[in-house]
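Pasting a structure below so you can have a look.
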Amino acid sequence: MVLSDRSIKEQMMAGRIRIDPFDPEDIQPSSVDLHLAARFQVFRNSRYPYIDPSRQQVGLMELVEATAEDPFVLHPGEFVLGATIERIILPDDIVGRLEGKSSLGRLGLLIHSTAGYVDPGWDGTLTLELSNVANLPIVLTPGMAIGQISFSQMTTPVDRPYGTPGLGSRYQGQVDPTSSRGHEHR
């Protein structure tokens with residue numbers, strides 16, 4: 001079941017769902033708005049002839065920082081990684097679902113390709129998979145509302161929450177946009 005605004009507030013007051021920083025104005029009817037951090041991971045296209053997910057490719061991505069005065073411009077067809085300002089911490093019986101804002105989606109901005117699911121036990125900021133499918137560049141300003149997270153109550157707590165040793169949780173505790181760690185074996 002998806003949590004309502006009232007249930008989200010109750011879970012936050014009980015300390016079960018934690019969002020930091022948090023502004024009560026960000027609570028929507030069944031989600032919480034999230035905001036864009038200032039750092040982006042950008043592909044250095046000239047570094048390698050192709051991407052090989054099975055191995056680490058040092059220098060494939062470069063960390064760049066935007067400001068309100070000098071925002072990040074996402075060009076048509078471009079794909080970069082961003083992150084939320086907010087750190088999300090979930091208990092072992094609630095999952096999160098990251099979604100874009102409809103007003104930005106109507107301009108051609110996608111905020112995730114496949115990584116919209118936030119596991120129970122998660123602790124960290126969320127890496128955003130930002131794509132521009134429009135025909136014009138899109139300006140991304142740090143601090144702007146970029147997406148929203150909804151929460152669902154599970155039938156029971158999980159036996160092994162995200163981050164459990166031996167589970168292979170590669171992104172627990174991430175702070176900046178984090179490039180793929182798919183080459184790391186469990």
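Computed from a predicted model, the values in this text were never measured in an experiment.
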**OP:** Quick one: pull up CG in Leu90 and CD in Gln11 and give me the separation to the nearest 0.5 Å.
**Re:** 10.0 Å
Original post:
Given Arg87, which of Ile89, Thr84, Ile85 fulfils the side chain to side chain contact (heavy atoms under 4.5 Å, CB included) condition?
Top reply: Ile89
**OP:** Please confirm whether the backbone N or O of Arg47 pairs with a side-chain atom of Gln57, one donor and one acceptor, at under 3.5 Å?
**Re:** no
Original post:
In the single-linkage hydrophobic clustering (I, L, V, M, F, W, Y; side-chain heavy atoms under 4.5 Å), do Phe22 and Leu36 co-cluster?
Top reply: yes
**OP:** Report the distance from atom CD1 of Ile111 to atom CG of Leu98, rounding to the nearest 0.5 Å.
**Re:** 4.0 Å
Original post:
Tell me, do Val64 and Arg39 make a side-chain contact under 4.5 Å, heavy atoms counted?
Top reply: no
Original post:
When Ile8 is tested against each of Glu10, Met12, Arg6 for side chain to side chain contact (heavy atoms under 4.5 Å, CB included), which residue passes?
Top reply: Met12
Original post:
Is the number of heavy atoms from other residues, nucleotides or ligands within 6.0 Å of CZ (Arg18) greater than 12?
Top reply: no
Subject >> Spatial distance of atom CG (Leu109) from atom CG (Leu130) [nearest 0.5 Å] >> reply: 6.0 Å
Subject >> Minimum side-chain heavy-atom gap Ile88-Leu34 below 4.5 Å >> reply: yes
**OP:** Tell me, with the steps shown, if Glu99 and Ser31 meet side-chain hydrogen bond (donor to acceptor under 3.5 Å, both in side chains).
**Re:** CA-CA 9 Å; Glu99 295 295 343; Ser31 65; over 6 Å; no
**OP:** For Pro142 and Ala68, work out which heavy atoms get closest and say how close.
**Re:** CD-N, 4.3 Å
Subject >> Gln28 side-chain N/O to Asp5 backbone N/O, donor-acceptor pair under 3.5 Å >> reply: no
**OP:** Say whether Met61 and Val58 are linked into one hydrophobic cluster, either directly or through other cluster members, by side-chain heavy-atom distances under 4.5 angstrom.
**Re:** yes
Subject >> Thr127 side chain to Thr178 backbone, donor-acceptor under 3.5 Å >> reply: yes
Original post:
Is Leu104 reachable from Leu140 through a run of I, L, V, M, F, W or Y residues, each pair having side-chain heavy atoms under 4.5 Å apart?
Top reply: yes
Subject >> Residue among Asp119, Asp93, Asp92 satisfying side chain to side chain contact (heavy atoms under 4.5 Å, CB included) with Val158 >> reply: Asp92
Original post:
Are any side-chain N or O atoms of Tyr171 and backbone N or O atoms of Gly124, one a donor and one an acceptor, separated by less than 3.5 Å?
Top reply: no
**OP:** Find the distance between CG (Leu107) and CG (Leu136) and round it off to the nearest 0.5 Å.
**Re:** 10.0 Å
Subject >> In one Ile/Leu/Val/Met/Phe/Trp/Tyr side-chain cluster, 4.5 Å: Tyr48, Phe79 >> reply: yes
Original post:
Is there a side-chain contact between Leu3 and Ile17 (heavy atoms, below 4.5 Å)?
Top reply: yes
Original post:
Can Phe72 be reached from Leu110 by stepping across I, L, V, M, F, W or Y side chains whose heavy atoms are under 4.5 Å apart?
Top reply: no
